[in-house]
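Structure record follows, encoded as structure tokens.
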Amino acid sequence: MTDSRGNFSSRLGFILAAAGSAVGLGNIWRFPYLAGQNGGAAFLFIYLIFIFLLCYPVMVGELAIGRAANSDAFGSYSKLGGKRWGYLGLFGVLAGILVLSFYNVVAGWAFGYFVEIAFGSLLNEKDFGSFYFNYVNDIRDNFWFSVAFMTITSWVVSRGVQKGVEAANKIMMPALYILLLSLIVYSLTLPNAMSGVKFYLVPDLSEIKIQTVFDGLRQAFFSLGLGMGTMITYGSYVSKKQNLISSAAVISVADTMVAFLSGLMIFPLVFSQSMSPSEGPPLVFMVLPKVFHEMGPILGKFVGGSFFLLLCFAALTSTISLLEVPTAYLVDQKKIKREYAVWGLALIIFIVGLPSMLSQGLIPTLNNLPFYRGKDALTFVSDTCDIMLTIGGCLMCVFISFQWKISNMNQELYQGSTIRANSLISKYINFTIRFVCPLLLAFLSILIVIDKFIGLSNL
Ligand code: TRP
């Protein structure tokens with residue numbers, strides 16, 4: 001595949017880029033706090049089941065579609081299933097725009113925290129709770145840090161698949177693992193670290209409630225970045241010689257490892273300062289800075305700075321993939337030059353993200369949406385995205401089963417692989433894509449709606 005669309009230069013380049021898409025704020029920010037709220041190990045257990053049962057097959061399906069059609073999300077669905085199905089790809093492109101719009105806001109906070117800890121005086125604060133609230137409502141800082149983040153993302157994507165997306169991931173993904181492992185080694189040596197590990201790793205199965213299953217399912221799907229055609233787009237840059245079945249396994253494992261290891265880094269830190277592991281979303285922004293503060297000015301700056309740098313790397317490898325999806329659409333379908341497509345999209349996405357940015361208290365109505373049980377606009381957008389992704393993923397399975405046909409998917413998958421129809425893995429993928437994944441995803445979209453408008457605990 002040496003066409004002008006671009007392609008990954010090697011299997012490693014592809015795997016790192018796809019793992020980079022998957023590894024993100026979701027792994028380091030959302031996974032640990034969900035695990036903290038849902039009884040630690042019990043949550044991990046549920047999460048792993050869904051990665052295996054749902055996410056892995058969906059990822060294989062997306063990659064197969066992309067590589068078979070060699071086009072962006074819209075182009076791939078239209079090519080394999082006609083124009084009507086193309087709209088499913090377009091729906092994914094829109095979902096990507098929406099995900100990036102709020103994701104970039106949170107990435108901006110992470111970037112701001114990194115700069116303020118490593119080079120500023122954030123750790124001298126006394127009350128990190130109020131600091132966080134002031135921070136996310138400081139429009140000047142927020143504005144510029146998210147502009148900066150979007151600019152870096154756009155610069156990488158504008159350089160193209162090989163020189164931009166692949167090159168950036170080849171540097172950042174190994175750096176991310178090194179940072180993560182170093183932080184784990186450090187946090188495990190702290191006093192009381194083992195109670196954190198125990199909380200995290202010894203499952204208390206009585207903790208498993210419908211909320212745990214729901215959170216695990218939703219988190220697993222979001223974490224692998226499925227349902228909107230990221231893997232279709234990345235799959236379209238992969239050569240026919242690559243083995244998609246094993247690559248998807250490596251990508252899923254790499255992503256799960258980072259989520260798992262983040263917990264292993266964070267809980268010993270939290271327990272070493274006798275703090276609560278179940279703080280929810282503020283865990284990373286309110287609890288951890290206090291931990292770094294307690295370490296003293298120099299060590300705190302160093303460990304805290306490394307932690308937030310890690311968070312920025314993870315976020316950046318994901319924002320790159322999120323921007324690549326609509327970019328590929330404009331480049332392939334509208335024949336717009338990559339640079340123009342990227343910068344134009346960045347501007348639009350940034351504007352779409354403004355309500356999320358202003359929703360943390362600055363504009364009271366956005367902070368307290370009357371039609372959304374008083375939740376803020378960022379939560380609303382993020383929930384809407386989750387629903388769009390689950391619907392997108394569910395319809396993708398329907399597309400493979402009824403339109404494109406499982407046999408065509410397999411034909412694509414068998415290229416570059418020695419796996420054939422009689423192998424267990426192939427049977428497993430066919431079965432899950434046909435029955436398990438669409439049902440789970442339909443179930444999940446309904447649960448998200450119920451959770452948001454009624455509350456699962458009221459069931
Ligand atoms: N998976 C990333 C995370 O866990 C976010 C992400 C990147 C994503 N690309 C995506 C989410 C596509 C949904 C769809 O943070």
Side-chain angles (χ1 to χ4, degrees), residues 16-35 47 50-51 54-55 58-59 62-63 66 72-73 89 91-110 149 153 156-157 165 168-169 172-173 176 180 215-235 248 251-252 254-263 281 284 310-329 349 381-394 396 441 444-445 448:
L16 287 179
S21 161
V23 171
L25 294 169
N27 301 60
I28 302 175
W29 172 59
R30 210 180 191 196
F31 180 88
Y33 84 68
L34 284 177
Y47 181 84
F50 287 131
I51 292 282
L54 170 70
C55 302
V58 170
M59 180 180 295
E62 280 200 20
L63 288 172
D72 65 294
F91 183 68
V93 170
L94 292 178
I97 289 177
L98 216 52
V99 175
L100 186 51
S101 79
F102 83 85
Y103 201 90
N104 188 60
V105 171
V106 183
W109 301 343
F149 211 87
T153 307
V156 172
V157 177
V165 177
N169 279 290
M172 276 187 291
M173 287 306 284
L176 184 142
L180 185 57
D215 283 343
L217 182 55
R218 181 178 176 178
Q219 170 63 12
F221 200 67
F222 183 85
S223 181
L224 284 186
L226 300 169
M228 54 160 270
T230 320
M231 291 298 149
I232 297 182
T233 310
Y234 277 14
I251 298 160
S252 309
D255 179 71
T256 307
M257 280 288 277
V258 174
F260 173 72
L261 292 175
S262 301
V284 158
L310 170 75
L311 202 58
C312 290
F313 279 179
L316 186 56
T317 54
S318 290
T319 51
I320 289 171
S321 81
L322 286 162
L323 187 56
E324 179 60 32
V325 173
T327 301
Y329 167 70
I349 295 170
V381 177
S382 140
D383 291 342
T384 309
C385 288
D386 274 356
I387 295 177
M388 289 176 82
L389 298 175
T390 46
I391 294 176
C394 181
M396 184 212 73
L441 287 169
L444 180 58
S445 5
I448 297 178

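Read the numbers this way: they start at 1 and go in the same order the structure lists the ligands and their atoms.
T233 contributes no side-chain N or O that, together with a main-chain N or O of A328, makes up a donor-acceptor pair within less than 3.5 Å. Between the side chain of Q219 and the backbone N or O of R30 there is no donor-acceptor pair closer than 3.5 Å. N169 contributes a side-chain N or O that, together with a main-chain N or O of V165, makes up a donor-acceptor pair within less than 3.5 Å.
Counting heavy atoms under 4.0 Å from ligand 1, residue F222 touches it through both backbone and side chain. Of all the heavy atoms of A22, the ones lying under 4.0 Å from any atom of ligand 1 belong exclusively to the backbone. With a 4.0 Å heavy-atom cut-off, ligand 1 is reached by no atom of D255.
Contact of the F149 side chain with the V105 side chain is not registered, since no non-hydrogen atoms from C-beta on lie closer than 4.5 Å. With a 4.5 Å cut-off on side-chain heavy atoms, S262 and P32 count as touching. A heavy-atom distance below 4.5 Å is found between the side chains of I349 and L323. When side chains are defined from C-beta on, L226 does not count as touching L389, because their heavy atoms never get closer than 4.5 Å.
Partner of S21 under the side chain to side chain contact (heavy atoms under 4.5 Å, CB included) criterion, out of T319, T317, T230, L16: T230 alone.
Every atom of ligand 1 with a heavy atom of M228 under 4.0 Å away is listed here by number and element: 12 (C), 14 (C). Residue-ligand proximity, N27 to ligand 1, at heavy-atom distances under 4.0 Å covers atoms 4 (O). Near S321, meaning under 4.0 Å from any of its heavy atoms, are these atoms of ligand 1: 7 (C), 9 (N). Close contacts between ligand 1 and G26 involve ligand atoms 3 (C), 4 (O), 15 (O) [criterion: under 4.0 Å to a heavy atom]. Counting atoms of ligand 1 from 1 in the listed order, those under 4.0 Å from a heavy atom of T230 are 12 (C).
At the shortest separation from atom 8 (C) of ligand 1 among protein heavy atoms lies G225 CA, 3.6 Å. In terms of protein heavy-atom proximity, atom 6 (C) of ligand 1 is closest to S21 O, 3.8 Å.
Backbone and side-chain nitrogen or oxygen atoms of V23 are examined, and none is located within less than 3.5 angstrom of a nitrogen or oxygen of ligand 1. Among the atoms of Y103, some N or O lies under 3.5 angstrom from an N or O of ligand 1. Polar contact check, L25 against ligand 1: a nitrogen or oxygen pair lies under 3.5 Å apart.
S223 and Y47 are linked by a side-chain donor-acceptor pair at a separation below 3.5 angstrom, with hydrogens and angles left out of the test.
The option with the heavy atom closest to atom 1 (N) of ligand 1, from among A314, S223, G393, A220, is S223.
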